Structures are given as C-alpha cells and as structure tokens.
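First the structure, in the form of structure tokens, and then the observations on it.
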Amino acid sequence: MFGAGNQGRSGGRRARLRRAAALALVGAVLTGAAACGGDGATDGGKGGKDARTDGKAPASTPADGAEDAAESAESAGSGEPGTSGTSGGSGALSQRDLTALAFTDGEKIGKYTAGEFSLGEPQGEDYTADPAACQPLVSLAKGATAFDPASEVHRNVDVAEEMVGATVAVQLRSYNGGGAVGVMKALGAAGKACAGGFVENRAVAKGQYLKVEPVKAPDHGDEAQAYRFTILDVKGTLKLYEYLTVVRSGATTLSFRADILDTKDIGKVPEEVITAQWKKFEAASTR
C-alpha cells in the first residue's frame, strides 16, 4: 500500500516528484498504528464461504488453511516450467514468456499508461503483516506463502499527469506445479481470517487495516478474488482505501493492487486495466 504504484516510469518526472511528496506525507501519517477488530465479511472469490464470525485474525502463525493449500497444490501437479500440470494448469512460464504477456513500457490503457517500476518490485519482501496470517493480503512476493513464483513481472499503471490519481500495481507471477492454486487458497484463507483488521509493516511506516471486505471479482480465468481494504491513520481521523484483485489462469496469477494518495474511495480496481491485461494475457497465452 502507501502508493506502491508510484515508484514510477522513466517519463513524467515532474508528476512523479509531486506524487512522491504526497506519498511522504501519507507515510508520515500512517506510522505507529496497531491492529484493531472489525466486522466480519464473506469471501471475495468466486464460490467462497462465509468468513469467521468473530471478525478477528488469529495469532501470528501461518494463515488458516495453509496446510490445505499445500495439499491442494501438491495434488495439482509438480510440472516444471513449460511442462503440463493438472488442475493447477500448465507448468510455470519462463521469464521471457511471462514478460511477453504483460503490459509494455509506455503502453496506453485508456487514460492510463503502463511502465516499469524504477525502484524494484512493489509490495516486496520488506512488506510484512502482523499477524503473519494476513501476509498474502499485503504481498504475494517470495516468502509470502509456501509457494514462491518461478517467474514474475511487475508493471506500474497510472495517469502520469495526476498527482493524487489512482495507481495500479499489475503483477504477473507463474508457479511450478500447483503453486498458483495454493497461493489462491492462502489468499482466501487470509481474507477470512483477517476480516477484522491487521497491521502492515514496512521499513518506514505502519498501516492499520480496519477491515478486509470481499468485493465482486471479475469473471476471468479459472478463479478470482477481490478485496477492499479500509486503512486508518495513526490519529484515527483519516480513512484510506485500497483494492486488490487476483486472477488465476492455470499456473499463473495476475494481481492488481489499486490505491490513491487521498481519502477518496476509488470504488474498485479500474476495470479497463484489468480487462486490458487479461485480454492481452489470454490472447498471447492461447497462441
């Protein structure tokens, strides 16, 4: 969170500097927070079950359902890159093949423009959750679940001229065997267990998530989940909103994390961004 999408493209230097200044202010506001409870929610994925009725996350242990996720992934196959799996889809795509399926630097998506991140992977390994059960909601980077991606590509999508407009971190990850299935199960378990809130930790700031709520997931791929996060500043006066949508197609996940450096609720991940990336992925992967 905290405007991860604003790590920027090579173009739009002035806009990025303004956005960086705003980001610094938001980061300062969100330091020192602690988790609190909230309302329960239902699963944001297709065909999900009801959430925990107490609405609180468990202690700092692996997410509920992690063992089930591992078993599911194991049963889905153990294909090597480029080989065929079973219910989890084909084996992991190579870095080159996955890159070919992602947005290119400078690609236009309506009013948005895609670009490469200049400061490395957004929502990387330095983003952690307390309790640890909530980690998949913060980041799906290596170590976030029991399943590490074999290849991954990250793109920033935003309107370069807007200082506080919506930004979307688009992240494609491909897994060996049934890893992608396991990641989705871990994400769903975290969505249920952490409905009442948790804390996101990073090097310079903490963010207190008040609620994790399921929202309508797109009808793409083999399965999809979508969530709305409500985040409170340390003074308890400002609420910020962030959205996460993850689509799985075979052995690959497509993740879309949208936020805005403002208290405005953008309502969802921009549909045009999800649709454009999905169509590009689907068209190229079926050739």
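In this text the structure is predicted, and so the values were computed from the model without any measurement.
- Under a 3.5 Å cut-off, the side chain of Q135 and the backbone N or O of A129 do form a donor-acceptor pair.
- The shortest non-hydrogen separation linking A102 to Q277 is CA-OE1, 3.7 Å.
- Side-chain polar atoms of T113 and D158 form no donor-acceptor pair below 3.5 angstrom.
- Atoms OH and CD, on Y112 and E162 in that order, are 7.5 Å from each other to the nearest 0.5 Å.
- Atom-to-atom distance recorded for I260:CD1 and L240:CG is 10.0 Å, nearest 0.5 angstrom.
- With hydrogens and angles disregarded, no donor-acceptor distance shorter than 3.5 Å links the side chain of R248 to the backbone of D222.
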* Using the salt bridge (Lys or Arg N to Asp or Glu O under 4.0 Å) rule, take E107 and K280 through it: C-alpha gap first, then chi angles, then the decisive distance, then the call. => CA-CA 12 Å; E107 184 170 346; K280 184 169 186 176; 2.7 Å; yes
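- Proximity of a side-chain donor or acceptor of Q225 to a complementary backbone N or O of M184 within less than 3.5 Å is detected.
- In this structure, D130 contributes its side chain and F198 its backbone to no donor-acceptor pair below 3.5 Å.
- In this structure, I231 and Q208 have side chains that are not in contact, with every pair of non-hydrogen atoms separated by 4.5 Å or more.
- There is no side-chain donor-acceptor pair under 3.5 Å between E272 and T275.
- Although no hydrogens or angles enter the test, the distance criterion places a donor-acceptor pair under 3.5 Å between the side chain of S151 and the main chain of L93.
- Remark: D265 engages R228 in a salt bridge, criterion side-chain N to carboxylate O under 4.0 Å.
- Under 3.5 Å, the side chains of Y209 and E200 contain a donor-acceptor pair of N or O atoms.
- Closest approach of S139 and A144 over heavy atoms only: O-CB, 2.9 Å.
- A side chain to side chain donor-acceptor pair (under 3.5 Å) with E152 holds for exactly one of K142, R173, Q171; it is R173.
- Rounded to the nearest 0.5 Å, atoms OG1 (T245) and CH2 (W278) are 13.5 Å apart.
- The shortest distance between side-chain heavy atoms of T252 and F281 falls below 4.5 Å.
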### Task
Step by step, work out the side-chain contact (heavy atoms from CB on, under 4.5 Å) result for Y227 and L187.
CA-CA 10 Å; Y227 298 96; L187 179 64; 4.1 Å; yes
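- Contact record, V181 with E223: CA-OE2, 4.5 Å, taken as the closest heavy-atom pair.
- When each of N156, V157, I109 is paired with V170, the side-chain contact (heavy atoms from CB on, under 4.5 Å) condition holds for V157 and for no other.
- Side-chain contact annotation: K239 with T230, donor-acceptor N/O pair under 3.5 Å absent.
- Applying side-chain contact (heavy atoms from CB on, under 4.5 Å) to I274 and the options K268, K279, H220 leaves one that passes, H220.
- Taking both residues in full, the closest heavy atoms of T145 and L140 are given as CG2-CD2, 4.3 Å, listed atom of the first, atom of the second, then distance.
- Of the possible donor and acceptor atoms, one in the side chain of S94 sits under 3.5 Å from a partner among the backbone N and O of D97.
- Residues V247 and T253 form no side-chain contact, since every pair of their non-hydrogen atoms from C-beta on lies 4.5 Å or further apart.
- Of all heavy-atom pairs between L137 and A190, the closest is CD1-O, 3.6 Å.
- Between the OG1 atom in T263 and the CG atom in L238 there is a gap of 6.5 Å [rounded to 0.5 Å].
- In this structure, CG on D262 lies 11.0 Å from OH on Y241, to the nearest 0.5 angstrom.
- By the 4.5 Å heavy-atom criterion applied to side chains, F103 and V273 are counted as neighbours.
- Of all heavy-atom pairs spanning A217 and A226, the tightest one is CA-CB, 3.9 Å.
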